[in-house]
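In this chain, residues are counted from 1 in sequence order. Remember, it's 1-based here, ligands and their atoms both numbered in the order they're listed. Basis for what follows: all heavy atoms, side chains included, without hydrogens, waters or symmetry-related copies.
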Amino acid sequence: MGILERISDIEAEMARTQKNKATEYHLGLLKGKLARLRAELMENQTKSSGGKGEGFDVMKSGDARVALIGFPSVGKSTLLSLITKTTSETGAYEFTTLTCIPGVIEYKGANIQLLDLPGIIEGAAQGKGRGKQVIAVARTADCVVMQLEAHKADYQIPKLTLELEAVGIRLNQGPPDIYFKQKKGGGLAFNSTVKLTKVTQKLVQMVLADYKIFNAEVLFRGDYSIDQFIDVVVGNRIYMSCLYVFNKIDQISLEEVDRVARTPNSVVISCKDKLNLDYLKDCIWDKLQMIRVFTKKPGDKPDLRDEEGIILRGGSTVEHCCHAVHRTLKADFKYALVWGTSAKHSPQRVGLSHMLQHDDVIQIVKK
Ligand SMILES: Nc1nc2c(ncn2[C@@H]2O[C@H](COP(=O)(O)OP(=O)(O)OP(=O)(O)O)[C@@H](O)[C@H]2O)c(=O)[nH]1
Ligand SMILES: [K+]
Ligand SMILES: [Mg+2]
């Protein structure tokens, strides 16, 4: 039996099995098996040729990469054509876009690469449509924009989330804080720092045994589920931030707009009426956790024009900034003066480890 058939067999069995106390272990085991088969499938795909597909190899460029994921005809290409200088063909029929079309969002001096992709449908993870290629591109992004048709979002969000989960992409969540280490002997040492309500030692032991792991140290530092534990065992998961973009709000009532706008991590837009598009750029900027800083020379005023800013990741230090200015600058670094919200007083004299904030001004003093 092929891997795909085995996967669908297990999925069918899980669907048949009622969820209750008595079936908890059986379902946990099935989840473990499913994760293993999917990992195998992904492995085979990357090994075999033609996995990537023509037209999907787009060079990374700019300060960050954002992938547009969504069902067909939700308006992905319309959006790209509106907020970048690139035109991507649009149409009232599904699968207008067949490859990856890159555009650039210019915002606050940053160049954010936005990738328009073919629509994905149910079963994409198994290769339906151009699903595999689309998801492979999504894995390379810093952030996913899940574009939805506002009046179909309740259906589209869970479906797309499942497709992404099937290939190891986790949205808007960090890796579970579970310590897991295989050992040579000694059986299973299982501990937790909090009360566990979703798993038991027995369930963890059974899942591990199914992976032929009998000796291991496991420490749960949070009340995680068996799925999250399996993520840690399988590894190779991608934790990605996701912005939900509800398009075509011109087609729904104001009450509905109000309801969907309250979904966490979401923006409501209309490409047709050009509604909220600047706010969308702002939300993408926030999601990417980018900051901009300005450098200045002694005695000069800082040049605060957009194009003069240096784009860094949130949490970046003076050291990151030095690196962004010039590779060798760090070697000559003596200290820096910083003006702005990260400075306790203006200017503050700081070292390489000082953490910068958005719109700080920095003057680097060399040895
Ligand atoms: N009413 C309305 N229609 C829109 C809006 N945005 C896009 N459309 C229409 O939706 C249809 C599909 O738009 P596309 O941009 O081709 O959608 P897509 O997601 O790129 O589609 P595929 O490439 O086929 O996956 C077109 O007829 C657009 O004119 C909107 O905000 N409101
Ligand atoms: K379309
Ligand atoms: Mg398109």
Parallel, tilted or perpendicular, as decided by the 30° and 60° cut-offs, for the rings of Phe229 and Phe180 |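 Plane angle over 60°, so perpendicular.
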Which of parallel (below 30°), tilted (30 to 60°) and perpendicular (above 60°) describes Trp285 and His358?
->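 Aromatic pair Trp285/His358 classed perpendicular.
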Just wondering, do Lys31 and Ile226 contact through their side chains at under 4.5 Å, heavy atoms?
->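 Heavy-atom side-chain distance check passes, below 4.5 Å.
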Contact check, side chains of Leu277 and Leu79, non-hydrogen atoms, under 4.5 Å |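 Yes, side chains in contact.
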Is the distance from the Mg ion (ligand 3) to the nearest N/O/S atom of Thr78 under 2.8 Å?
->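 No N, O or S atom of Thr78 is closer than 2.8 Å to the Mg ion (ligand 3), so no.
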Would you say Ser73 has an N, O or S atom lying under 2.8 Å from the Mg ion (ligand 3)?
->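 Checking Ser73: none of its N, O or S atoms is under 2.8 Å.
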Quick one: [atom1] on [X] to [atom2] on [Y], what's the gap to the nearest 0.5 Å?
| X | Y | atom1 | atom2 | answer |
| --- | --- | --- | --- | --- |
| Met206 | Tyr211 | CE | OH | 13.5 Å |
| Glu149 | Gln156 | CD | CD | 6.0 Å |
| Ile69 | Ile120 | CD1 | CD1 | 5.0 Å |

For Asn172 and Asn265, what are the C-alpha separation, side-chain angles and deciding distance, and is it a side chain to side chain contact (heavy atoms under 4.5 Å, CB included)?
-> CA-CA 9 Å; Asn172 294 333; Asn265 303 303; 3.2 Å; yes
Ligand 1 atoms in contact with [X] (distance to a heavy atom under 4.0 Å):
| X | value |
| --- | --- |
| Phe95 | 24 (O) |
| Glu94 | 24 (O) |
| Gly91 | 11 (C), 12 (C), 13 (O), 16 (O), 26 (C), 27 (O) |
| Ser270 | 31 (O) |
| Ala92 | 27 (O) |
| Gly119 | 25 (O) |
| Gln251 | 1 (N) |
| Tyr93 | 24 (O) |

In the protein, what heavy atom is nearest to atom 17 (O) of ligand 1, and what distance, to one decimal place, separates them?
->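 Its nearest protein heavy-atom neighbour is Gly75 N, 3.1 Å.
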So which protein heavy atom does atom 13 (O) of ligand 1 come closest to, and at what separation?
->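 Sorting protein heavy atoms by distance from atom 13 (O) of ligand 1 puts Thr78 OG1, 3.4 Å first.
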Between [X] and the K ion (ligand 2), is there a contact where an N/O/S atom of the residue lies under 3.4 Å from the metal?
| X | answer |
| --- | --- |
| Thr96 | yes |
| Thr90 | no |
| Ser77 | no |

Would [X] count as a polar contact of ligand 1, with the cut-off being nitrogen or oxygen pairs under 3.5 Å?
| X | value |
| --- | --- |
| Cys271 | yes |
| Thr90 | no |
| Asp116 | no |
| Glu89 | no |
| Val74 | yes |

Check each of Asp177, Asn191, Thr193 against Arg221 using the side chain to side chain donor-acceptor pair (under 3.5 Å) test, and report the only one that passes.
->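 Output: one option passes, namely Asp177.
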Between Lys76, Glu149, Gln147, Lys248, flag the one that comes closest to atom 4 (C) of ligand 1 by a heavy atom.
->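 Heavy atom nearest to atom 4 (C) of ligand 1 belongs to Lys248.
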Taking non-hydrogen atoms only, is Asp250 closer than 4.0 angstrom to ligand 1 via side chain, backbone, both or neither?
->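 Only the side chain of Asp250 comes within reach of ligand 1.
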Determine, counting only non-hydrogen atoms of the protein, whether one lies under 4.0 angstrom from atom 19 (O) of ligand 1.
->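 Under 4.0 Å from atom 19 (O) of ligand 1, at least one protein heavy atom found.
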Please test Glu13 against His26 for side-chain hydrogen bond (donor to acceptor under 3.5 Å, both in side chains), starting from the C-alpha separation and ending with a verdict.
-> CA-CA 10 Å; Glu13 187 174 348; His26 185 59; 2.8 Å; yes
So, Lys281 side chain and Lys108 main chain: donor-acceptor pair closer than 3.5 Å or not?
->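 No; judged by distance alone, with no hydrogens or angles, the pair does not exist.
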Please confirm whether the backbone N or O of Ser225 pairs with a side-chain atom of Gln228, one donor and one acceptor, at under 3.5 Å?
->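 Confirmed, Gln228 side chain pairs with Ser225 backbone.
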Gln289 atom CD, over 12 foreign heavy atoms within 6.0 Å |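 Open.
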When you check the gap from the basic side-chain N to the acidic O, do Arg313 and Asp63 get nearer than 4.0 Å?
->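 No salt bridge links Arg313 with Asp63.
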